[in-house]
Amino acid sequence: MALKNDNEMRYGNAAEIHGVKFQIPHATLEKNSFKRADEGDKKQETKSPPVSPMCSPPASPSNYQRILLNYGYGKSRSGLEQQHGVPYEARHSTNLQDGPATGNYGSKSALVHSSLSRSLSVEREPQDSSNYPDDPWRITEEQREYYINQFKSLQPDLNSFISGSVAKNFFTKSKLPIPELSHIWELSDVDCDGALTLPEFCAAFHLIVARKNGYPLPDTLPETLLPDYLQPASLKPKRDCALLDSYSESLPVSQQTRDFNRTETSVEEMPDKSALTQDANSDDNQALNISTTAKTIPKDFKPSQHLSFKTVVQESNTLKARPRSRSYSSTSIEDAMKKGEEPPTPPPRPQKAHSRASSLDLNKIFQQNTQAVKSGWLPPPPALPPRPFVSQGPHHVTNTEPVAQAKSSYAEFRLKEQTEQVSEIELQPQMNRAPSQTEGSSPTRKEILLTQPPSKPIRRKFRSENQMLENQELTPTSSMTSSLPAVKPHLPAQNRQSSKQKRAIQTAIRKNKEANAVLARLNSELQQQLKEVHKERIALETQLEQLRPVTVL
Amino acid sequence: MAVCIAVIAKENYPLYIQSITTENELKFHYTVHTSLDVVDEKISAMGKALVDQRELYLGLLYPTEDYKVYGYVTNSKVKFVMVADSSNTALRDNEIHSMFQKLHNSYIDVMCNPFYNPGDCIHSRAFDNMVTSMMMQVC
């Protein structure tokens with residue numbers, strides 16, 4: 001008995017599995033089992049293990065199918081991101097070693113398995129041996145349940161369709177290559193409407209699971225995956241069994257009904273096929289009539305008409321000339337078209353008012369500055385040479401003194417101009433340096449301190465500090481050099497001028513600061529806009545790449 | 001019957017081209033390519049006002065000594081070009097017409113596959129089978 005040998009083969013596999021906690025990838029395992037089944041009866045006989053069927057581990061006929069189911073679970077888990085941490089091998093081994101649930105599965109599936117193991121070990125065997133050959137294209141009950149649940153997750157109404165794009169996203173999660181998925185779709189979408197009914201979905205899912213297990217894809221849809229075969233059977237167990245408790249009871253019932261349907265279909269197929277081969281050679285119109293009438297029938301439950309329709313479809317695919325419902329299939333194409341036709345709106349143009357105006361403002365500010373400079377003072381000397389002079393001022397006391405004396409005679413304002421031109425950044429460290437150095441105050445340093453325009457809040461402090469310092473330093477400076485007293489009388493006169501100059505400088509610097517702040521803000525805004533534009537550009541480029549057609553030849 | 005069948009996209013690049021391999025394939029490719037001009041001519045000759053009424057089947061595009069070239073355009077400007085053997089005189093116009101209908105239907109089936117992106121080359125096995133059946137029908 002070939003079938004018994006098949007069962008023994010599977011039991012043998014189970015025995016192997018039980019013996020070894022294995023990490024072998026299941027695809028190869030299943031391939032081996034399947035190949036052995038394929039090799040023929042003779043080889044199976046020689047390889048049959050000594051384990052007797054009756055005392056074999058439970059539910060082994062459904063062993064590989066459970067493996068398939070596990071794959072299905074694994075795939076969906078990864079796709080749907082459910083409790084996923086457990087690798088497949090661990091799950092399978094634990095499942096085989098004990099029926100009851102582990103934390104790896106959902107409890108539901110484990111309970112299903114346990115109930116199956118109890119109920120199927122006796123009941124299924126005779127039925128299996130008589131009706132179910134080792135057929136990877138046959139969907140078992142638990143697989144069907146699983147597929148139905150997956151269908152429900154995508155489309156709550158079991159009588160309705162899953163649209164093409166939704167199905168595409170779902171099946172893409174299986175990580176099969178796109179050409180294979182395309183072929184699977186071709187096989188399973190029998191009516192070619194770009195949408196999957198429940199039986200079509202089950203067929204597609206089953207094909208994907210099989211493919212993941214390493215089975216090569218068939219060129220035509222196997223009989224057991226045909227929608228007409230699946231449809232009446234798929235609904236009855238759904239209706240009859242409550243999933244967990246009454247499962248074992250309803251199983252034989254459902255199987256019997258399925259057997260009945262199967263025999264019915266097989267009986268009916270034969271005369272239909274013979275009749276239809278004649279039809280296939282006849283006019284297209286007849287096929288049209290059959291197909292149009294079949295289309296008008298709601299897609300539910302008239303097995304005989306379904307059969308005739310489906311067999312017509314199956315055999316005379318080339319004669320199809322029926323009207324098509326495009327509502328489901330057009331979405332992806334329309335989307336692609338729309339993407340091509342409507343380029344995204346260009347990014348908002350940056351407001352030009354800012355750039356020019358700000359620069360104008362700056363210009364105005366500078367002009368004011370220079371005018372303010374020019375109003376009472378000499379034209380500003382070049383900044384470079386005096387800068388080291390200025391920076392060295394706090395450091396070198398002795399050097400600056402004579403220079404300070406020379407300077408003080410006619411051009412304290414010269415110093416002021418220099419300091420004005422010095423950037424604020426430089427000023428501030430100088431300012432920071434200045435109060436920190438109280439070693440000995442040269443008059444030039446004092447002058448610098450006085451004339452240096454400090455930053456706003458600090459300025460006043462420094463000014464007061466400077467004045468304080470000034471007052472404090474007056475006494476120490478008097479002790480330092482004799483030239484100092486000569487400098488002293490300059491100070492009060494200097495003070496008046498310096499205050500005016502200070503004010504002017506301070507206003508100028510305030511305006512500079514404001515302009516600086518405005519510019520800095522502008523800069524950041526423009527940078528952001530630039531980034532956004534870059535991003536949009538990249539997005540457009542990728543879109544263009546996607547839409548660009550592949551040129552051949 | 002048909003020695004070469006080609007599906008040309010809107011932008012005039014081939015989505016699918018298949019010929020009976022007994023002869024020089026490039027010759028048929030070249031023929032199909034040159035026939036595109038005639039197709040465009042026929043399309044533009046209709047004028048824009050008649051786009052809705054435009055006949056999909058263009059008929060005989062041009063005959064040569066060895067073979068005849070027939071054309072068919074869909075509403076989305078996808079062109080089907082068929083090169084048929086001239087020696088087969090039994091081939092009538094409405095047969096060619098029905099063959100193009102079949103091609104069109106198979107092409108629609110390919111389009112319905114959500115894994116097929118419009119503009120890709122057609123790799124569908126069902127489509128291949130249909131085309132080979134059409135080519136082998138008489139040969």
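Protein chains get the first letters and strands the later ones, always in sequence-line order, with residue 1 at the start of each.
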message: To check you understand the geometry: which heavy-atom pair defines the closest contact between A/T172 and B/F115, and what is its length?
response: OG1-CE2, 3.9 Å
message: Tell me which one of B/N105, B/I108, B/D109 satisfies side chain to side chain contact (heavy atoms under 4.5 Å, CB included) with A/C192.
response: B/D109
message: Atom OH of residue position B/Y30 - does it have more than 12 heavy atoms of other residues, nucleotides or ligands inside 6.0 Å?
response: no
- request: Please report the shortest heavy-atom distance between A/E186 and B/S124, naming the atom on each side.
  value: OE2-OG, 2.6 Å
query: So do A/P179 and B/H123 actually touch side chain to side chain, heavy atoms under 4.5 Å?
result: no
message: Measuring from atom CG of B/D120 to atom CD1 of A/I178, what distance do you get when rounded to the nearest 0.5 angstrom?
response: 10.0 Å
